[in-house]
Each structure stands twice: as C-alpha cells, then as structure tokens.
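Each chain gets a letter, A, B and so on, in the order its sequence line appears, and its residues count up from 1.
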There are 2 protein chains.
Amino acid sequence: MLPSSTVENYLKALYQAESSLEDKALVPMGQLATAVGVAPGTATTMVKALAESGLVDYEPYVGVRLSSAGTKLAALVLRRHRLIEQFLVEVMGMSWAEVHEDAEQLEHVVSDRLVERMDAMLGHPSVDPHGDPIPTADGNIAAPDYHSLLTCPLHTAVRVTRVTDQDASFLRFLEKQHLKPGHSLEVEVRDSAADSVQLRTGAGLRITIGTQAASKVLIEVS
Amino acid sequence: MLPSSTVENYLKALYQAESSLEDKALVPMGQLATAVGVAPGTATTMVKALAESGLVDYEPYVGVRLSSAGTKLAALVLRRHRLIEQFLVEVMGMSWAEVHEDAEQLEHVVSDRLVERMDAMLGHPSVDPHGDPIPTADGNIAAPDYHSLLTCPLHTAVRVTRVTDQDASFLRFLEKQHLKPGHSLEVEVRDSAADSVQLRTGAGLRITIGTQAASKVLIEVS
DNA sequence: TTCTATATTTTGAGTTGTCAAAACAGAACT
DNA sequence: AGTTCTGTTTTGACAACTCAAAATATAGAA
C-alpha cells in the first residue's frame, strides 16, 4: 500500500483543509473534491479507499478527517514540498512566486536521501519562502497562530511572516510592494464598507488592498 | 498527446538500445521489453500506440526504431536525466554511484525552467558524472566513438572518460580502484582464455577485472 | 519440406484513477 | 408532513498501463 502521488495529493489537501477549520470538524466532500481538482464522485471513491487503508476516518454524507497515520503522512508530503520550495529559492535562485508548481511535482518523487540533503544544505530551515512552517522528519509541525493584516493592531509596527496563498501573480504583487515575509509595515485604516485595508510599508509607501488579500498576509508584532 | 513518463521510458530505452546496435537495425521487442521491465506483450501494445503517435517505426515480428520525432524526445529525456545526475553530484554532493535512481524519477517531472537553471549553474556541462554526453536543448548529442579497456592499445597511458553501466556496486568498485572518469591507467595484459584484463592504475596498483567489466570502461589515449 | 524452437502478438482480465449523470440523503421552507 | 434545494453517493463507462497464457509467426534443423 505505498501511497501513490494521487493519494499524497488527497492527504495533503485534507491536511490543509483541516487546518483552516475548527478542531474535530470533518472536511466536506465537495471541498475536498475542489481542492484536489476532481469531480465529487471521484473524491467519494478515493476517500472510501483511503478509509480502507486507515489513512482517514470517513462518515458518509458528513465528511472526512485524517487519521493519525494519515496526518503523519500528509505532514511528510508537506515537509518535502516546503523544503523543495526553500531549496529552489535559496539554492537555485528561483523566485518565490514561481516555485510552487515545480515543488508540486517534485514532492512526489524526491527520495528521502535527497530531501535530507536539501534540509542539511539549507541549515534545517523552519519555514519556507512563504513563511509556511516546515514539518520535521518525524512529522511534527509548529502551528503558530498568527495575526493577519485583518486582525492585527492598528498603527503598530508589524512584520510579515507568512503568506497563505500560492498564486503567482499575488506573490509577485506582494514582492513588488515590499510585502514579502520579513518586511515591516503598519496598518493605518480598515474600512469594512470599502472592503479594504490601508497600510504603510517599510519604504514609507501607502497602499490599499482588499480584505481578501489582507487576510492572506500573516504578521507578527515586532 | 503529451508523453507520460511511461512513454518517456520506452523512448529512452529505445534510444539507448539503438546506440549499441548497427545503424538501420531494428530493436527487437524482447530486448525492449526487458529494458523497460515489462512483459513482452505489454511492449507490443505500447509500441503500437507509439507508432500511432508517430514516435517510432514498427515492423511486426521484426522490431522497432525511433522516428526522428521520437529520437528528439528521447534525447531531451536523456538531457534531463544526465543534467540531473551532474547536478546531484556537483551541487548536492551526492556520490556518482547513487544518483542514477534519483535521476530516473526526477527526469519525468522537472520543468524546462528548472533544467535550464541547473544547466546554467553547472556551466553547460557536456558530460555527466559517468562521462555520458549530455544532449543540447535542441536534442543534439555528441556521439564520440571511444575505445574501451577491451580495445585500447596495451602499455599505453590512457584516461577513463566514460562508464556505460549504472549499477551502484560496480560504480563504487571503480571509484575504490581509482577508475572514475578522469583517472589514468595502462592496460598491461589481456587474457581471453581467462576472460580477464589486467591493468595498472595511476596509483601504481595492478588489478585484474573481467572482460564484461572492462568493456564498460571507455577511455581516451592521453 | 516438415518439424521444432524461439520470439512475438493476441486475448481476456485486472488495477488505478477518472468523469457524467442518475439516484439518493439531509436539512430547511413552506 | 410534503416539497425543494444542495451536497453526496452510486452507477456505468472509459483511458492508460499492466500481466498471464493462448495463439501465431519466423527461422533454423532434420
């Protein structure tokens, strides 16, 4: 029962769906299906097979949840993915905006040997270029609870630490505005009517972004 | 009709089978099947599909040959494979004996972007760690006609330039005996009755190897 | 030429992963 | 309770790839 890349993709999608969900909640089929990019019926079939193998707990018509075995496996897939991203940026000199797709492919074929080599070369990094935490080899992950630009205090110096979206054009936008992880800024105004957030970047520039975008930029008070 | 990794493996196997064969000859099904590692019938089925797509010419009961389109594609697979091997050795510090398996997997998923990045980082190398020539991005390959330890002149200083076997234990053996590409030696005796070749390495050591092994070590008179 | 050995092809079947569309369950709304 | 909406599951089918074993072709030996 060696997990195919298909299986790995389902587990990874579940892992990420669960983390943006209250504890104990089940991930509904439809959500999983769209996350993986398959028709709903396909997800049902696959999930039943995963449940057979003990990787998930499945309640028909309700949803799925990773078992502990499934969680561990998913964490290892995520570890590979994020180490690869970090490697592509740090060693290969690629842009943080373009490494996601490559990592998506590579994560299913790199050997343990290679992963650990990358990890060592990078000095055992704890986060990837987007600030996402990298699980350890035994499947543990630091799960920090960041504020976002939507929830952080106003008029306070904060530092971008993580960006929870992999869309290349969004990432390029952030880069251009000096909003990559590590950069400082202050939130000046939130206007819920206008659905916008106005901020001043470290470079002193005022920019306004939508709340959707703002919620994807996580920060730490600095 | 994007070629799957399965297709790529058939093409690569054909490419390599053809190069150790007289020109114009067809590769017999059985040989292809064992090279790819499938049952004979499977190869037949696949080859018929490849012929459909114009990647090979197929004569039933006789054999297969790559078309020009197939040759080009195979060369690109080989390019990826060999650049990856070189990368794993030069950049990742892995042993030349252990990179083949990793490259075998990676060759099917690395993006063009990534391949060209590796190529640039390595300074556009012309050979991989085993001395195998790396095809260019447009599918051309230098096809030098080396001597082997079986055909080179005796008592003449020669330099190992290429090793045509990927078996890890054989490669480790060569490494230990200072027979990696680049090292010098002289062939002292060939004994066809004993099926052996005796040589003196650059380090002055006398060693004797079988003719099977000797034929896989290609050299240049230095 | 006939027989035989060997290689190749066919056939029938299985696996994995997928979809479209029909059938169905559960919750919410009269 | 009955109806409707939405999401889920079932069903039947298909594509890619594979195998084992039966059928067949080719070439060489008798």
*asked:* Five pairs per end, C1' atoms only: what is the angle between the end axes of the helix from C:dT1-D:dA30 to C:dT30-D:dA1, to 10 degrees?
replied: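 For the helix from C:dT1-D:dA30 to C:dT30-D:dA1, the axes at opposite ends meet at about 30°.
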*For B:Gln86 and B:Pro125, work out which heavy atoms get closest and say how close.*
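Looks like CG-CG, 4.1 Å.
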Under 3.5 Å donor-acceptor, [X] side chain and [Y] backbone:
| X | Y | answer |
| --- | --- | --- |
| A:Arg117 | B:Met94 | no |
| B:Ser111 | A:Asp102 | no |
| B:Thr151 | B:His147 | no |

With the threshold set at 4.0 Å, does a side-chain nitrogen-carboxylate oxygen contact exist between [X] and [Y]?
| X | Y | result |
| --- | --- | --- |
| A:Asp119 | A:Arg79 | yes |
| A:Arg65 | A:Glu18 | no |
| A:Glu104 | A:Lys12 | yes |
| B:Glu101 | A:Arg113 | no |

Starting at [atom1] of [X] and ending at [atom2] of [N], how long is that distance when rounded to a whole Å?
| X | N | atom1 | atom2 | result |
| --- | --- | --- | --- | --- |
| B:Leu32 | D:dT18 | CG | P | 11 Å |
| B:Met29 | C:dT8 | CE | P | 8 Å |
| B:Tyr58 | C:dT10 | OH | C1' | 11 Å |
| A:Leu50 | D:dT9 | CG | C1' | 16 Å |

Enumerate the protein-to-nucleotides 24-27 of chain D contacts in which both atoms are nitrogen or oxygen and the separation is below 3.5 Å.
unit_1	atom_1	unit_2	atom_2	d
D:dA25	O4'	B:Tyr61	OH	3.3

Considering only distance and modelled atom types, tabulate donor-acceptor pairs under 3.5 Å from the side chains of residues 30-43 of chain B, sequence neighbours left out.
unit_1	atom_1	unit_2	atom_2	d
B:Thr34	OG1	B:Gly30	O	3.1
B:Thr34	OG1	B:Gln31	O	3.0

Distance-only donor-acceptor hits, side chain of residues 209-217 of chain B, under 3.5 Å, sequence neighbours excluded:
unit_1	atom_1	unit_2	atom_2	d
B:Thr211	OG1	B:Asp195	OD1	2.4
B:Ser215	OG	B:Gln212	O	2.8
B:Lys216	NZ	B:Asp165	OD2	3.1

Between protein and nucleotides 11-17 of chain D, what N or O pairs are separated by less than 3.5 Å?
unit_1	atom_1	unit_2	atom_2	d
D:dC17	OP1	B:Ser4	OG	2.6

*Qualifying ring pair (Phe, Tyr, Trp, His ring centres under 6.0 Å) pairs, either residue in residues 72-96 of chain A, two or more places apart*: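 Every ring pair (Phe, Tyr, Trp, His ring centres under 6.0 Å) pair that includes a residue of residues 72-96 of chain A, provided the two are not neighbours, is A:His81-A:His100, A:Trp96-A:His130.
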_Nearest to side-chain heavy atoms of A:Lys48, which nucleotide of C:dT9, D:dT9, D:dT10_ =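 Looking only at side-chain atoms, A:Lys48 lies closest to D:dT10.
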